[in-house]
Amino acid sequence: MLRRKINRRVTKTKTNTVFLHLSPPLHRFFLSCPNFITQSTSALDTAAAATDIATLVLESDPKSLRGSLHGLQLQFTPELVDKVLKRLWFHGPKALQFFKHLEYHPSYAHSASSFDHAIDIAGRMRDYKTVWALVARMRARRIGPSSKTFAIIAERFVAAGKPDRAIKVFLSMREHGCPQDLHSFNTILDILCKSKRVEMAYNNLFKVLRGKFKADVVSYNIIANGWCLIKRTPKALEVLKEMVERGLTPTITTYNILLKGYFRAGQLKEAWEFFLQMKEREVEIDVVTYTTMVHGFGVVGEIKRARKVFNEMVGEGILPSTATYNAMIQVLCKKDSVENAVLMFEEMVKKGYVPNLTTYNVVIRGLFHAGNMDKAMEFIERMKTDGCEPNVQTYNVAIRYFCDAGDVEKGLSMFEKMGQGSLPNLDTYNVLISAMFVRKKSEDLVVAGKLLLEMVDRGFIPRKFTFNRVLNGLLLTGNQAFAKEILRLQSKCGRLPRQFKL
DNA sequence: TTAGGGTTAG
């Protein structure tokens, strides 16, 4: 009971007081509480325990953390450790400290999955020395590294703008005791293609190694999709030709990739002709094909054609999926009217479909956009009663539109409602902080400052621009003391303008 | 973490 209370204090956010910490006595109680998690734990208990431990890690003195962790009367499990690492995602150094302390735990040994998480975190911090040290330790313990581990590392290199190093990682797998196969080959190709490095994937990897790994339909599809992602449909078509020449039969996925590629490149005519060709060649058109068509026509405002395709699929005996409805509803919102979108929503419900998070978010955004705030809020309530919890996007949309409409209070009250499954992200803070400037009130600027403190506390680094803006605002409204505090924070975050020195 | 469809505005 008391644990729940503590939890709530720690995780709930209040705008005006901003981020509550455990008071020292409660903290001590928490540490000494012997049964706050028992041997047999439900998923809910694991989640709660993960939150508690993450808080403990964040608030403990680094020197005493190891002792605190080892002293806890609870059985660590791989699931629990993974959850804690996820909670500490934005606190890389702390997360790695936690991981390291547990490596020396008397009765717990890390799983491969936790190693992968830790490697992911170190990679995100671009701390490659730690990445490879962890890989070596995994190997020493004979629990990896696996192809998944290498996929994670490659992905991190690509995200850091080093695709060539990602390729090297793939090529070095065997040296680290991990066999390569067609699977891992396709994975690295996909990682490169999804980051729009298709040229490199094709020339430096695919062309060189497709013989060795016996490239299959999946490999070719990945490359074709890569070209489509950068709107180079002729190259994708070449790949299609090439695979046929090599005796591989394109699948429906191949065709759908090309079709989507045409729409993405704005080649409506080609898309339509390609669709007709698919029919002529008696390719087994599926629900993805139709969804692509509905969405493709809809986004360019061809609502009638989108509707026609939608109706046609039913005639062909192919049932729309929730994704198909989502596509239709989205384009109705954007290019037709939100009223018709709502009608479509009700129609799908009547037919027995269960709207998902995307469905709700699309309708809610449409309603806000049309200025129908009340109805949008009704839908937010409706999704909750439907057992579909609003996520960070739902809240961000609501906050953004309320603030844009000048109703800062409503925006703030939406922010306060955000909870466990929908914690604020960088976007949320940016929108809110900007909104604190519209009324030009001194109190608002203090709130902006507090939001800034809170976002840093949660591992988000504000832009220099945001810092300066808040700083100037506070100075102009006579909040000198608070401005000083913000300036110290700015320095800590390495976001200080050059002329400043503390 | 081997491939294809549906969520953002500025």
Side-chain angles (χ1 to χ4, degrees), chain A residues 113 116 120 146-156 158 170 180-194 213 215-226 228-229 236 239 243 248 250-261 263-264 278 283 285-296 298-299 306 309-310 313 318 320-334 341 344 348 353 355-366 368-369 383 388 390-401 403-404 425 427-428 430-431 434:
Chain A
S113 137
D116 284 344
D120 203 7
S146 67
S147 358
K148 188 181 163 187
T149 315
F150 286 96
I152 289 168
I153 301 172
E155 177 104 50
R156 284 298 154 205
V158 167
F170 170 73
Q180 295 166 318
D181 56 10
L182 180 57
H183 246 77
S184 47
F185 181 57
N186 286 342
T187 303
I188 181 72
L189 288 176
D190 197 44
I191 289 171
L192 290 167
C193 286
K194 292 264 162 68
F213 289 108
D216 64 355
V217 186
V218 176
S219 328
Y220 280 94
N221 285 350
I222 288 168
I223 298 290
N225 190 46
C228 286
L229 285 174
V239 174
M243 68 190 282
L248 292 166
T251 60
I252 179 64
T253 303
T254 318
Y255 289 104
N256 288 339
I257 286 169
L258 260 296
L259 184 67
K260 176 80 192 172
F263 279 117
R264 198 181 277 119
M278 285 172 73
V283 176
I285 291 172
D286 68 3
V287 59
V288 177
T289 320
Y290 278 110
T291 306
T292 306
M293 295 292 289
V294 167
H295 189 250
V299 291
V309 174
F310 189 89
M313 70 186 287
I318 296 169
S321 64
T322 306
T324 322
Y325 271 103
N326 292 349
M328 197 69 224
I329 290 171
Q330 189 212 149
V331 298
L332 286 173
C333 284
K334 283 191 169 167
M344 192 56 116
M348 81 180 271
Y353 287 88
N356 61 19
L357 197 57
T358 307
T359 326
Y360 276 108
N361 281 348
V362 166
V363 174
I364 288 164
R365 177 172 288 120
F368 272 120
H369 191 78
M383 74 191 284
C388 182
N391 68 352
V392 59
Q393 271 112 334
T394 323
Y395 282 104
N396 283 357
V397 166
I399 292 169
R400 184 183 297 267
Y401 278 102
C403 289
D404 278 357
N425 63 15
D427 252 7
T428 321
N430 282 335
V431 169
S434 300

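Each chain gets a letter, A, B and so on, in the order its sequence line appears, and its residues count up from 1.
For A/Asn391, counting side-chain heavy atoms from C-beta on, the closest listed nucleotide (B/dT8, B/dT7, B/dA3) is B/dT7. Picking from B/dT1, B/dT7, B/dA9 the nucleotide with the shortest atom distance to the side chain of A/Val362 gives B/dT7. Set against B/dT7, B/dT2, B/dG5, the side chain of A/Thr187 has B/dT2 as its closest nucleotide. Nearest nucleotide to the A/Tyr401 side chain, out of B/dT1, B/dA9, B/dA3: B/dA9. Comparing B/dT7, B/dA9, B/dA3 by their nearest atom to the side chain of A/Lys194 picks out B/dA3. Of the candidate nucleotides B/dT8, B/dG5, B/dT2, B/dG5 has the atom nearest to the side chain of A/Ala323. Out of B/dG5, B/dT7, B/dA3, the shortest distance to the side chain of A/Asn221 is found at B/dA3.
With rounding to whole Å, A/Asn186 atom CG is found 9 Å from B/dA3 atom P. Between the NZ atom of A/Lys260 and the P atom of B/dG6 there is a distance of 4 Å, given to the nearest Å. Between A/Asp427 atom CG and B/dT8 atom C1' there is a gap of 8 Å when expressed in whole angstrom units. Atom P of nucleotide B/dT2 and atom CD1 of A/Ile152 are separated by 11 Å, given to the nearest angstrom. In this structure, CG of A/Asp181 is placed 9 Å from C1' of B/dT2, rounded to the nearest angstrom. If you measure from atom CG of A/Asn430 to atom C1' of B/dA9, you get 13 Å, rounded to the nearest angstrom. Atom CG of A/Asp404 and atom P of B/dA9 are 11 Å apart (whole Å). Between A/Gln330 atom CD and B/dA9 atom P there is a gap of 9 Å when expressed in whole angstrom units.
A donor N or O paired with an acceptor N or O is not found under 3.5 Å between the base of B/dG5 and the side-chain atoms of A/Thr292. Interface remark: the A/Ser321 side chain does not form any donor-acceptor pair with the B/dG6 base, using a distance-only criterion of under 3.5 Å. The base of B/dG6 sits with one of its N or O atoms less than 3.5 Å from a complementary donor or acceptor on the side chain of A/Asn356.
One side chain, A/Asn221 or A/Thr254, offers a donor N or O that lies under 3.5 Å from an acceptor on the other. Side-chain contact annotation: A/Thr187 with A/Ser184, donor-acceptor N/O pair under 3.5 Å absent. Donor-acceptor pairing under 3.5 Å is recorded for the side chains of A/Thr149 and A/Ser146.
At the heavy-atom level, A/Val287 lies under 4.0 Å from base atoms of the strands shown. Counting non-hydrogen atoms under 4.0 angstrom, A/Leu259 reaches nothing in the nucleic acid. Within 4.0 Å of A/Thr324, counting heavy atoms only, lies at least one base atom of the nucleic acid. Counting any heavy atom pair closer than 4.0 Å across all strands shown, A/Thr322 reaches a base atom. Among the atoms of the strands shown, none is found under 4.0 Å from any heavy atom of A/Asn396. If you check every strand for non-hydrogen atoms under 4.0 Å, A/Thr359 touches nothing. If you check every strand for non-hydrogen atoms under 4.0 Å, A/His295 touches sugar and phosphate atoms only. When heavy atoms are screened at a 4.0 angstrom cut-off, A/Val218 is found touching base atoms of the nucleic acid.
For A/Arg156, the salt bridge (charged side-chain N to carboxylate O under 4.0 Å, His left out) partners two or more places apart in sequence, or in a different chain, are A/Asp120. Every residue two or more places apart in sequence or in another chain was checked for a ring pair (Phe, Tyr, Trp, His ring centres under 6.0 Å) with A/Tyr395, and none qualifies.
Nearest heavy atom pair, residue A/Ile222 against residue A/Cys193, reads O-SG, 3.8 Å.
Within the 4.0 Å cut-off from OP1 or OP2 of B/dT2, not a single side-chain nitrogen or oxygen of A/Lys148 is found.
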Inset, instruction - Could you walk me through whether A/Tyr353 and A/Tyr325 pass the ring pair (Phe, Tyr, Trp, His ring centres under 6.0 Å) test, one step at a time? - result: CA-CA 9 Å; A/Tyr353 287 88; A/Tyr325 271 103; 4.8 Å; yes
